[in-house]
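What follows is one structure encoded as C-alpha cells, with my remarks underneath.
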Amino acid sequence: MKKVITVALAGNPNSGKTTIFNQLTGARQKVGNWPGVTVEKKEGKFFFNDYEIHLIDLPGIYSLSAYSIEEIVARDFILERKPDVVVDIVDASNLDRNLYLTVQLIELGVKLVLSLNMIDVAENRGYHINHNKLGELLGTPAIPTIGTKGDGLKELLEEIVKVKEGKESKLRSIPVPLGREIEEEILKVQQKIEKNSRLSKKYSPRWLSVKLLENDKDIIEKIRYSQYGDKILEQVEKSRNHIMSIYNEDPETIITEQRYGFIDGAVKESTHWTKKDRITLTDKIDKVLMNRILGFPIFFLFIWLLFQGTFTLGGPPMEWIASLVNWLSHIVEIHMAESLLKDLIIKGVLGGVGGVLIFLPNILLLFLGISILEDTGYMARAAFIMDRVMHAIGLHGKSFIPLIMGFGCNVPAILATRTLENKRDRILTILINPLMSCSARLPVYVLFAGAFFKKNAGNVIFSIYMIGIILAIIMGQIFKKTLFKGESAPFVMELPPYRVPTIKSTFIHMWERGSIYLKKMGGIILVFSIIIWFLGAFPTNGGISFKYKDELKKIDKVYENKIEEAKKLKSQKSTQIIKNLIKEKEEKKKAIEKKIKLYQKEHSYIGRIGKAIVPIIKPLGFNWQMGVALVTGFVAKEVVVSTLGVLFQAEEESLKNALAKSGMTPLVAYAFMVFVLIYIPCLATVVAIYKESSIYWALFTVSYTLVLAWIVSFLVYRVGYLFL
Amino acid sequence: MGKEKMEKLLTLENLRTGDEGIIIKILGEGNFKKRLLEMGFIAGEKVKVEKYAPLKDPVEYMIKGYHVSLRHEEAAKILVEKV
Ligand SMILES: Nc1nc2c(ncn2[C@@H]2O[C@H](COP(=O)(O)OP(=O)(O)OP(=O)(O)O)[C@@H](O)[C@H]2O)c(=O)[nH]1
C-alpha cells in the first residue's frame, strides 16, 4: 500500500501553475468544476517513491480575501478539506507581489512548500535569490523551479514528502508580525474566539482574528451565528474603531501595508540584484503591438486569424463528420427494414451524435488559438486595447473575443467566456452572445433576402447583422442596470511579460476544452435531439402513410406494365422510352414522398405546436408554415430553411419563388428574418449557457430572446406598415 | 490638511506617460480598495506611468516591478505625490 498525500497547488495567475501541474500529472488529469460554481477544478494522481500523490489545482488568485469566487473556492478548500501540503507556486521574477499570497497562506497555518518558479526569468533580469535564506525568513521551505523544463520538480516532490512526514526543520509557523497596535487588538479578539472551543479547534484563532479585523464579510457571517458570535463581533468592532482612531486609516489598509513591509524585509535580505534594469524584450514587443497607430490593425489581424483559423480551417473536419454520419445512416438505411426504430437510429441518434460532434472542430481550434493568446500574454493586451470600446457599452475588454466568435458559432463563443475572470462580466457576455448572428442563421437570410429583396439582398442581410449588434449593446446596458447593479468590478488587470508557450500545455488545454464539451454537453444535446426527433415523428398516422404506400405500390405496378410493353416494341426507340418511363416513375414517387413528409411535418407534435402558436405570431404577419419552421429551428437555425422546403414542397430557387408567391410581403419576410436573428439560440447554445453559467441563466436567455424577438419583429412589421 | 499641501497632491490619473509618483492614499473603499492594496498599491510605493492604450483608456502602470492596467476612473481614486 502506497501512502497517499493530498497536495493543493496555489499561486497567482500566470505564475506557471498550470505548467507545473501538467508536468507533474501529464495527461492523467480530471477536469471539472468546483461544486456549485463554474470555476474549473483540475485533479491528477501520480506516484512518487513510496507515495501516491493526489494533486489538486486551485484557481489562480492574488489573495485569499474572499474577493472573488476563485478566492473563496481556494480558501474553502484549504480550510475545510485540509490538504496535507499546500504548494505555493511563486513567480520568482515578480517576487514581492507573489509573496503576498504566500504570507496569507502562512497566516492560515498550512503546511507550506514554496516553488520559486520562473527562476530562469528572475536570473536573466539579474535577481539572484538565496532560496535557503528566503525559506528561513518566511519559515517555509523554498525550492527553485523552472516549470517549462521541469527543473527542480523532483526536489519539490522530495520536499513535499519531507514536510508531510514532519521531517522538515525549516517549516516553522512564525506568525507574520503586523505591528504592535494591531497585534494587541488581535490578541483581544483572539481571547474572545478561544472561548468558543469548537471554533478555535477548527480554525486558527489568530487567523480568524486577523480576518475579522480586515472586515472579511465571509468570515464575519461564519462567526455571527456561532457560539459567542455577538461577543466576538462586538470586540472586533471596538478594535477596528481603536485602530482607525490611531492610524486614521482602516485596519485592512494597515494590515496590508504591514504584510508588504514584512515581504520587503524578507526579499531585501535574501536577494541581490546585479544588472541594471534594461529594456526588456517585452517592452520592445509592446512598442510594436501596443503602438498607438499599429496597435489596432495588428489586433484586428490577430482576431481575423483567430476567426478564420476557427471557422475556415474548421470547415473541412465538419464536412468529414457530416459525411461520416451520412455514411453510417446509409448503412443503417440499407441493412434495416423500414420501422420506427430505424427512423429513431438514423434521425434521432445518428442525427443527434452528428449534431454534437459537428461543434468539436470549432471548439478545438478556437481554444488552440485562445490558449496561444493567453500563454503568450497577448490576451491581456487585447483586453487593454479593446477595453475603452467595450467599457463604453458596459463590458470588459476581454468580452470582445467571445462576442466576435459568436458571429461564427455561439457554442465555442460561450465556452470562450471563461477567459473573463469576473462573474458579472462573464454572464453579461454570455447573455448577449446569441445576438451575434451566427453562421447557421445566414442560410435563412439568404433565402428570404433572395426571394424578396433581389437587388438589395446584400444590404438587407447586413442590416440584420447590425440590428443584432445594436440590440446586444442595448440589452447589455439594460442587464447591467437591472440584473447587475451595484458596485462594479474594478479593472485591475495584470499585463504579464510575453512568453513562449509550450506545445504540451497548449495542446492539453485544447484537448481539455474539447473533452469537457463532449462529456458535459454532448449527452444533454443528444438527449434533446432524440426528444425533438420524437416530437417530429409522432404521432404517426398509420392510415395516411399506408394510403400513400399503396399509391407508391400502384405507381410501381403501372410503370412495370408500361415498361414491359415498351420492351415488346423492340424498336430502336424502346431503350429511350424505357429510360423516360423510369424517370417519370421516380418523379411521381418523389412527389408522393414529399407529400408524406409534408403530412408528417404538419401533423406531428412539432407541426401542432407550430400551428398552435399561430395566434401569437399572427400580429407579426407570420403564417402557420413559418410557425412550424421556427419551432423546428430550435435544433439549429438552418433547419428553418429545410422545413420551409418541406412545407412549400420546393427547394432552393423554386422555394424562393414559392415563398414570393405565397402571399408573404417583403415586410413580413424582413420581420421573419429579424425574428430568426433574435429568438432562442439553438439547442446546443442553450446547453452551453446552462453549463457555463446555470440553468436559470439558460432559461432566462430562452425567455428574454423570445420576448425580444417578438417585440422587435412586431415593431418592424407595424412601423414598416405605416411607411410602406 | 493645509491648502498648500492639498494643491500639491495629485491623483494617478493626472500623471502622464513616463511620470512617476509615490502613493499617498487610496480613496474609496470596500472591495475596490482592498484589491488595489493587495496588488501592491500601498502608501509609499512608487508607480510609473508606462503607457496609455491606443484609445487613451485604460493606462498601463508599473508597480513593484510588474505591469498592471487601470481605467481612468480607478486611477482617479489613487492619491499620489509626483516625483
Ligand atoms: N521561462 C519560464 N516560463 C515559464 C515557467 N513556468 C511557466 N512558464 C510559462 O509561463 C506562462 C504561463 O504559465 P501557466 O502555467 O499558464 O500559468 P498559470 O499560473 O497556470 O496561469 P493561469 O492559467 O492564468 O492561472 C506559459 O507561457 C508558460 O510556458 C518557467 O519556469 N520559466
Side-chain angles (χ1 to χ4, degrees), chain A residues 62-68 91 93-98 100-101 104 125 127 214-217 249-250 252-253 255-257 259-261 263 277 282-283 286-287 290-296 299 380-381 383-389 391-392 397 487-497, chain B residues 1-2 5 9 11-13 16-18 20 22-80:
Chain A
Y62 291 111
S63 157
L64 281 178
S65 56
Y67 162 86
S68 62
D91 175 358
S93 66
N94 183 0
L95 204 50
D96 288 50
R97 208 220 40 229
N98 272 259
Y100 190 78
L101 178 68
Q104 290 188 306
R125 290 208 194 145
Y127 291 101
E214 278 187 290
N215 202 19
D216 185 303
K217 298 280 180 324
E249 187 54 282
D250 48 33
E252 49 267 42
T253 307
I255 292 175
T256 312
E257 286 173 4
R259 286 188 188 127
Y260 265 118
I263 292 168
D277 212 355
T282 295
D283 292 331
D286 263 350
K287 276 244 153 60
M290 297 289 101
N291 185 284
R292 214 181 306 160
I293 298 154
L294 289 178
F296 270 105
F299 170 71
R381 269 79 181 180
F384 183 68
I385 289 187
M386 276 313 288
D387 188 66
R388 182 70 239 285
V389 179
H391 189 48
E487 192 188 2
S488 80
F491 181 84
V492 188
M493 185 180 66
E494 189 183 353
L495 294 161
Chain B
M1 215 179 280
K5 206 172 170 203
L9 285 183
T11 69
L12 198 50
E13 197 197 2
R16 294 292 159 252
T17 308
E20 288 183 329
I22 304 279
I23 295 177
I24 310 257
K25 190 182 169 69
I26 314 270
L27 307 173
E29 52 186 50
N31 276 344
F32 165 73
K33 183 173 178 181
K34 220 171 188 172
R35 170 87 334 176
L36 280 181
L37 288 166
E38 289 166 349
M39 298 292 279
F41 287 83
I42 50 173
E45 198 62 47
K46 202 194 239 173
V47 206
K48 184 172 175 217
V49 185
E50 285 285 329
K51 62 171 109 43
Y52 281 66
L55 296 177
K56 301 281 168 251
D57 194 13
V59 183
E60 179 182 337
Y61 300 97
M62 165 114 139
I63 187 163
K64 282 195 174 292
Y66 78 97
H67 297 251
V68 64
S69 79
L70 298 179
R71 289 181 183 141
H72 283 302
E73 58 197 70
E74 284 140 10
K77 289 184 187 152
I78 302 173
L79 278 185
V80 293

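Below, chain A is the first sequence line, B the second, and so on; all start at residue 1. Since we're looking at a predicted model, the values are computed, not measured.
With values rounded to the nearest 0.5 angstrom, A:N98 atom CG is found 12.0 Å from B:K64 atom NZ. Note that OG of A:S63 is 6.0 Å distant from CZ of B:R35, once rounded to the nearest 0.5 Å. One finds the CD1 atom of B:I26 at 10.0 Å from the OG1 atom of A:T256 (value rounded to the nearest 0.5 Å). To the nearest 0.5 Å, the span separating CD1 on B:I42 from CZ on A:R259 amounts to 11.5 Å. Here the CZ-CD distance, from A:F491 to B:E73, works out to 10.0 Å after rounding to the nearest 0.5 Å.
Of the atoms belonging to B:L36, it is side-chain heavy atoms, and not backbone ones, that fall under 4.5 Å from chain A. Heavy atoms of A:Y100 lying under 4.5 Å from chain B belong exclusively to its side chain. If you measure heavy-atom distances from A:N215 to chain B, the contacts under 4.5 Å come from the backbone alone. Only the side chain of B:K34 comes within contact range of chain A, with at least one heavy atom under 4.5 Å from a heavy atom of that chain.
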- Task: Any chance you could lay out the side-chain contact (heavy atoms from CB on, under 4.5 Å) test for A:K217 and B:N31, step after step, and finish with the verdict?
- Result: CA-CA 10 Å; A:K217 298 280 180 324; B:N31 276 344; over 6 Å; no
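The choice from A:I385, A:V389, A:N291, A:D387 that makes the most heavy-atom pairs within less than 4.5 Å of chain B is A:D387. The candidate with the highest count of non-hydrogen atom pairs below 4.5 Å against chain B, out of A:E494, A:M290, A:M493, is A:M493. Between chain B and the residues A:N94, A:D96, A:T282, the largest count of heavy-atom pairs under 4.5 Å involves A:N94.
Contact record, A:F384 with B:P58: O-CD, 3.3 Å, taken as the closest heavy-atom pair.
Remark: side-chain polar atoms of B:Y66 are not paired, donor with acceptor, to backbone N or O of A:P497 under 3.5 angstrom.
Partners of A:R388 according to the side-chain contact (heavy atoms from CB on, under 4.5 Å) rule, which considers only residues two or more places apart in sequence or in another chain, are B:L55, B:D57.
Interface with chain A: from residues 44-53 of chain B, residues B:K51, B:Y52, B:A53 qualify, criterion being any non-hydrogen pair under 4.5 Å.
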